[in-house]
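Encoded as structure tokens, the structure appears first; notes follow it.
All figures in this text were calculated on a predicted structure; none of them were measured in a lab. Letters A, B, ... are given to chains in the order of the sequence lines, protein chains preceding strands, and every chain is numbered from 1.
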2 protein chains.
Amino acid sequence: MHSFTEENYLKTIYYLATRMEGEVSTNALAEMTATKAASVTDMLRKLSEKQLIHYKKYQGVRLTEEGERLALQIIRRHRLWEVFLVEKLGFGWDEVHEIAEELEHIRSDELVTRLDAYLGNPQFDPHGDPIPTSAGQMPETGYRKLSEVKMGELVRLMGVLEHSTEFLQHLNHFQLTLGCSVAVTEINTFDKSVLLRITDDRMVFVSHEVAKNLLVD
Amino acid sequence: MHSFTEENYLKTIYYLATRMEGEVSTNALAEMTATKAASVTDMLRKLSEKQLIHYKKYQGVRLTEEGERLALQIIRRHRLWEVFLVEKLGFGWDEVHEIAEELEHIRSDELVTRLDAYLGNPQFDPHGDPIPTSAGQMPETGYRKLSEVKMGELVRLMGVLEHSTEFLQHLNHFQLTLGCSVAVTEINTFDKSVLLRITDDRMVFVSHEVAKNLLVD
DNA sequence: ATATTTTTTTAGACTTATCTAAATTTTTAG
DNA sequence: CTAAAAATTTAGATAAGTCTAAAAAAATAT
Ligand SMILES: [Mn+2]
Ligand SMILES: [Mn+2]
Ligand SMILES: [Mn+2]
Ligand SMILES: [Mn+2]
């Protein structure tokens, strides 16, 4: 069996691998896991011995098939629990990440199977992230960033890239919720900020920084 | 904050304290936690420093008020999660203990509050054990053991003392479920085994060993 | 009351995950 | 192509929780 710590490293390697080309670096992992590079090196040696990663000294790291399978399993659990917390217990989408960080490590395949069924086999978590299938596939979403949408286009808000409480509460404040339709009515060339017309004709003004973290369909 | 291990020791001390008069012994704890006496002594010193137990060398151990508060909080979480697993996810009462052993350590008061409300503020878990209140009180149940019931009495099955999968499956096999009414129609003097007439007039024969582990009203 | 047995604690060691400081390798710049 | 900078690994420590073996205290039996 694998420790919580090992599971968190696998998840982090998966996350970084999707966001950078090539291998994942020791320093990037140290920053993400809030540890020091030396600690990361120790763990990489261990994960490598367990054949969960491909690792050559100084050359960065990549998940093996088994490592990726495990990472996706943990991400699946995390996202299913987030759905539970929001849909069944009524938590806000800005409140569930930390709790799911703990729940994702509960070891019981039967539990995940039943939870999935109980939630109605959801395809997306409360942040619009796709839930890996029980077979271990990460579904592809063709979403673009709102910051890449052309003037005049009409799109729907489908997910967020940034998951911090502060960002999500910022969206709450502007009543920008997943599923709402968004028309790009103005793009300022100076700072790339955008003016949106959303579902009930309300106008919302968002910075480029925000637009870069919104995914649309 | 307290580690999983510390929480498990507190819970075990609480459990043993309710089942033996006086202080809890090092050896009893070692047996229950499946560790060695030497390891227990180390942990007792640590819990004592944290003021969670009263401990004098060679004199056994007793929970402080704070220690008992924590123990009851963990038991509350355990039993609420068991209700969730049985009532919402459809697990059998013989399948939930191990999973609840992990879920009970998830740290979020808000989670417990919402879970409790979602479950309809249940008073008992799937094994008939009372759920400690949010204020930290363990409700009293006036249950007797079935083995103490007199011939001819009519009672209701309210709980079990033994929680092992094997025992619970044994009860499943005889369709002895919580809430069913039980008339003691015969008590054999030789081995104290009992013949019961249960809800739908079915006759069930149980050993003294089983009767000692059934709680009735 | 003393000797024997049982229980408990101490001493010293191991594992996991972490750290700091130093050494080494790779990358980048001149 | 070398020299400086950056990234990474190694060396040596620490803390939590566990273990075995040995010592000490308490309980039990003669
Ligand atoms: Mn999350
Ligand atoms: Mn999420
Ligand atoms: Mn249980
Ligand atoms: Mn129970």
Report task. Round to the nearest Å and state the distance from B/Leu44 atom CG to D/dT18 atom P. Result -> 11 Å
**Report entry** Rounded distance (Å) that lies between atom C1' of C/dA22 and atom NZ of A/Lys36
**Finding:** 15 Å
Query - A/Thr26 vs D/dT9: side-chain N/O to OP1/OP2 distance below 4.0 Å - result: yes
Report summary line: note: A/Asp42, atom CG; D/dA11, atom C1'; distance rounded to Å ~ 10 Å
Query raised in the report: Does B/Glu101 come within less than 4.0 Å of B/Lys11, counting only side-chain N to carboxylate O?
Result: yes
Query raised in the report: Base, sugar-phosphate, or nothing for A/Tyr55, non-hydrogen atoms under 4.0 angstrom?
Result: sugar-phosphate
**Report entry** salt bridge (charged side-chain N to carboxylate O under 4.0 Å, His left out) partners of residues 133-146 of chain A, not counting sequence neighbours, each pair once
**Finding:** A/Arg144-A/Glu153
Query raised in the report: Honestly, is A/Arg114 close enough over B/Phe91, meaning NZ or CZ under 6.0 Å from the six-membered ring centre and within 45° of the axis?
Result: yes
**Report entry** Length of the NE2-P vector between A/His2 and C/dT16, whole Å
**Finding:** 13 Å
Query raised in the report: Paired with C/dG30 by Watson-Crick or G-U wobble geometry, both distances under 3.5 Å: which nucleotide is it?
Result: D/dC1
Query raised in the report: Among D/dA7, D/dT20, C/dT10, which nucleotide sits nearest the side chain of A/Asn27?
Result: D/dA7
Query raised in the report: Any chance the side chains of B/Asp94 and B/Thr165 put a donor and an acceptor closer than 3.5 Å?
Result: no
Query raised in the report: Could you give the CG-to-C1' distance, from B/Leu29 to D/dT18, as a whole number of Å?
Result: 15 Å
Query raised in the report: Is it true that the NZ or CZ of B/Lys88 lies under 6.0 Å from the centre of A/Phe84's six-membered ring and within 45 degrees of the ring axis?
Result: no
Query - A/Arg69 bridged to A/Glu66 by N-O distance under 4.0 Å - result: yes
Requested in this report: Look at all strands and tell whether A/Thr35 reaches a base, only sugar-phosphate, or nothing, counting heavy atoms closer than 4.0 Å.
Outcome: sugar-phosphate
Report summary line: A/Glu49 atom CD is separated from C/dT16 atom C1', nearest whole Å, by 13 Å
**Report entry** Sub-4.5 Å side-chain heavy-atom contact between A/Leu70 and A/His2
**Finding:** yes
Query raised in the report: How many Å lie between NZ on A/Lys56 and C1' on C/dT26, as a whole number?
Result: 15 Å
**Report entry** Nearest-nucleotide pick for A/Lys57, side chain only, options being C/dT18, D/dT10, C/dT9
**Finding:** D/dT10
Report task. Give B/Ser39 one of three labels, base, sugar-phosphate or nothing, depending on what nucleic acid heavy atoms sit under 4.0 Å from its own. Result -> base
Query raised in the report: When you match B/Met43 and B/Ala38 each to their closest nucleotide on DNA chain D, which lands nearer the 5' end?
Result: B/Met43
Report task. Please determine if A/Arg107 and A/Glu7 form a salt bridge, counting it only when a charged side-chain N lies under 4.0 Å from a carboxylate O. Result -> yes
**Report entry** Closest to side chain of B/Gln59, choosing from C/dT9, D/dA26, D/dT9
**Finding:** D/dA26
Query raised in the report: What parts of residues 5-24 of chain B reach DNA chain C, counting only heavy atoms under 4.0 Å away?
Result: none
Query raised in the report: Rounded to whole angstroms, how far apart are CD on B/Glu31 and P on C/dT6?
Result: 16 Å
Report summary line: From the candidates C/dT9, C/dC19, D/dT8, the one with an atom nearest any side-chain atom of A/Tyr58 is D/dT8
